[in-house]
Amino acid sequence: MASDPGFTDTYRHRGLRKKLVSVIRSKGIQDQAILDVIGKIPRHFFLDRAFEDWAYKDQAFPIASKQTISQPYTVAYQTQLLCLEPKDRVLEIGTGSGYQAAVLSELCAKVYSVERQGTLYTKTKKLLQRLGYGNIRLYHMDGMLGLSRYAPFDKILVTAGADQTPQALLDQLKIGGYLVIPVGDRKGQVMLRIEKVSEKEYRTERFDNFRFVPLLDGLK
Ligand code: SAH
């Protein structure tokens with residue numbers, strides 16, 4: 001990575017990342033392992049070159065296909081709710097830039113990430129390969145259907161706003177596993193953490209409000 005001229009991570013970038021970590025901590029993220037990962041991953045690799053200076057602001061930012069890279073605070077917030085363990089196999093719905101997938105991959109055994117937009121899927125697949133993320137697998141599929149081939153998952157994370165929780169995702173969760181999903185309408189969603197207590201029982205906790213791009217069905 002360091003020898004790849006397209007991807008340079010300078011002293012200045014590392015300094016900006018340190019500041020970003022303290023901003024996220026001051027907003028209430030306490031999990032040190034997650035803060036360390038945010039401090040480690042060069043977020044500017046996940047944005048187009050021209051927007052490099054935006055990478056370390058705690059803001060969402062437009063990427064290709066009218067989608068966004070989530071705000072770093074939101075990435076940390078959703079990751080914290082997953083209570084990841086090193087052995088976990090995690091399904092992410094909404095690959096986007098691949099940044100959230102990269103964060104997850106540092107904290108669990110394997111990440112399966114699904115994206116419905118073909119252009120984004122292709123772009124991000126190339127990027128993650130180039131950066132050497134060997135424990136992330138990407139799929140160009142409709143994530144509302146989950147990824148039944150590799151189910152059940154220990155944890156499932158949805159990074160787009162859903163109007164309701166897709167049944168397929170509940171079905172593909174292990175007993176004792178968590179699904180973290182923002183549910184609401186286009187104006188805003190509440191973050192839910194749903195625990196699968198038994199084959200048919202779920203326990204839902206509600207957290208803060210967010211605004212994500214919509215979870216849409218079908219492929220593009
Ligand atoms: N996790 C991303 C955030 C991307 S924004 C990141 O770290 O950058 C949400 C993404 O969800 C968008 O790329 C959008 O195309 C995708 N998406 C929306 N509906 C989807 C669906 N049904 N299946 C898979 N991806 C979906």
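We number each residue from 1, following the sequence as shown. Side chains included, hydrogens not; waters and symmetry mates left out as well; all remaining heavy atoms used. Read the numbers this way: they start at 1 and go in the same order the structure lists the ligands and their atoms.
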Inset, instruction - Mark up the atoms of ligand 1 that fall under 4.0 Å of a heavy atom belonging to P214, in ascending order. - result: 18 (C), 19 (N)

Inset, instruction - Give a yes/no on ligand 1: does T95 have at least one heavy atom closer than 4.0 angstrom to it? - result: yes

Inset, instruction - Could you state whether F45 and L47 fall into the same hydrophobic cluster, counting links through intermediate Ile, Leu, Val, Met, Phe, Trp or Tyr residues with side-chain heavy atoms under 4.5 angstrom apart? - result: yes

Inset, instruction - Report, in ascending order of atom number, the atoms of ligand 1 lying under 4.0 Å from any heavy atom of L216. - result: 18 (C), 19 (N), 20 (C), 21 (C), 22 (N)

Inset, instruction - Ignoring hydrogens and angles, state whether a donor on the side chain of T95 or T124 is under 3.5 Å from an acceptor on the partner side chain. - result: no

Inset, instruction - Just jot down the ligand 1 atoms closer than 4.0 angstrom to any heavy atom of T159, in number order. - result: 1 (N), 2 (C), 3 (C), 5 (S), 9 (C)

Legend entry - Backbone or side-chain N or O of G94 under 3.5 Å from ligand 1 N or O: yes

Inset, instruction - Answer yes or no: are there more than 12 heavy-atom neighbours, outside R14 itself, under 6.0 Å from its atom CZ? - result: yes

Legend entry - Test item: side-chain donor near acceptor, Q100 and T79, under 3.5 Å: yes

Inset, instruction - Go through ligand 1 atom by atom and flag the ones less than 4.0 Å from a non-hydrogen atom of M144. - result: 22 (N)

Inset, instruction - List every atom of ligand 1 that sits less than 4.0 Å from any heavy atom of V213, numbering the atoms from 1 in the order shown and giving each element. - result: 5 (S), 9 (C)

Legend entry - Atoms of ligand 1, numbered as shown, that sit under 4.0 Å from any heavy atom of L215: 18 (C), 19 (N), 20 (C), 21 (C), 22 (N)

Inset, instruction - Below 4.0 angstrom from a heavy atom of T68, which ligand 1 atoms are there? Numbered from 1 as shown, please. - result: 3 (C), 4 (C), 5 (S), 8 (O)

Inset, instruction - Consider every N or O of E92 and every N or O of ligand 1, then say whether any pair is closer than 3.5 Å. - result: yes

Inset, instruction - Looking only at protein heavy atoms, identify the closest one to atom 25 (N) of ligand 1 and say how far it is in Å. - result: R116 N, 3.3 Å

Inset, instruction - Please work out whether any backbone atom (N, CA, C, O) or any side-chain heavy atom from C-beta onward of M141 is under 4.0 Å from ligand 1, and answer side chain, backbone, both or neither. - result: backbone

Inset, instruction - Quick one: name the residues clustered hydrophobically with L170, using the 4.5 Å side-chain heavy-atom rule over I, L, V, M, F, W, Y, and just say none if it's on its own. - result: L91, I93, Y112, V114, Y139, M141, M144, L147, Y150, F153, I156, V158, L169, L173, L179, I181, V183, V190, L192, I194, Y202, L215

Inset, instruction - Indicate whether any N or O donor in one side chain lies under 3.5 Å from an N or O acceptor in the other, for H13 and Y56. - result: no

Inset, instruction - Determine whether the side chain, the backbone, both or neither of Q67 has a heavy atom under 4.0 Å from any heavy atom of ligand 1. - result: side chain

Legend entry - Flag, side chain of Q59 to backbone of K57, donor-acceptor distance under 3.5 Å: no

Legend entry - Sub-4.5 Å side-chain heavy-atom contact between M191 and P182: yes

Inset, instruction - Could you check atom 8 (O) of ligand 1 against the protein and tell me its nearest heavy-atom contact, residue, atom and distance included? - result: S97 OG, 2.7 Å

Inset, instruction - Check whether the ring centres of Y77 and F210 lie less than 6.0 Å apart, and answer yes or no. - result: yes

Inset, instruction - Indicate whether the side chain of Q71 and that of D58 have a donor and an acceptor atom separated by less than 3.5 Å. - result: yes

Inset, instruction - Measure the distance from atom 13 (O) of ligand 1 to every protein heavy atom, then report the residue, atom name and distance (to 0.1 Å) of the closest one. - result: E115 OE1, 2.7 Å

Inset, instruction - Run through the side-chain heavy atoms of Ile, Leu, Val, Met, Phe, Trp and Tyr, join any pair under 4.5 Å, and report what else lands in V213's cluster. - result: none

Inset, instruction - For ligand 1, indicate whether the residue Q117 contacts it via side chain, backbone, both or neither (heavy-atom separation under 4.0 Å). - result: side chain

Inset, instruction - Using a strict cut-off of 4.0 Å, indicate which atoms of ligand 1 neighbour a heavy atom of Q100. - result: 1 (N), 7 (O)

Inset, instruction - Indicate, as side chain, backbone, both or neither, the part of S65 found under 4.0 angstrom from ligand 1 when only non-hydrogen atoms are considered. - result: neither

Legend entry - Donor-acceptor side-chain pairing of Q117 and H140 below 3.5 angstrom: no

Inset, instruction - Would you check whether G143 has a nitrogen or oxygen atom less than 3.5 angstrom from a nitrogen or oxygen atom of ligand 1? - result: yes

Legend entry - Sub-4.0 Å heavy-atom approach of K220 to ligand 1: no

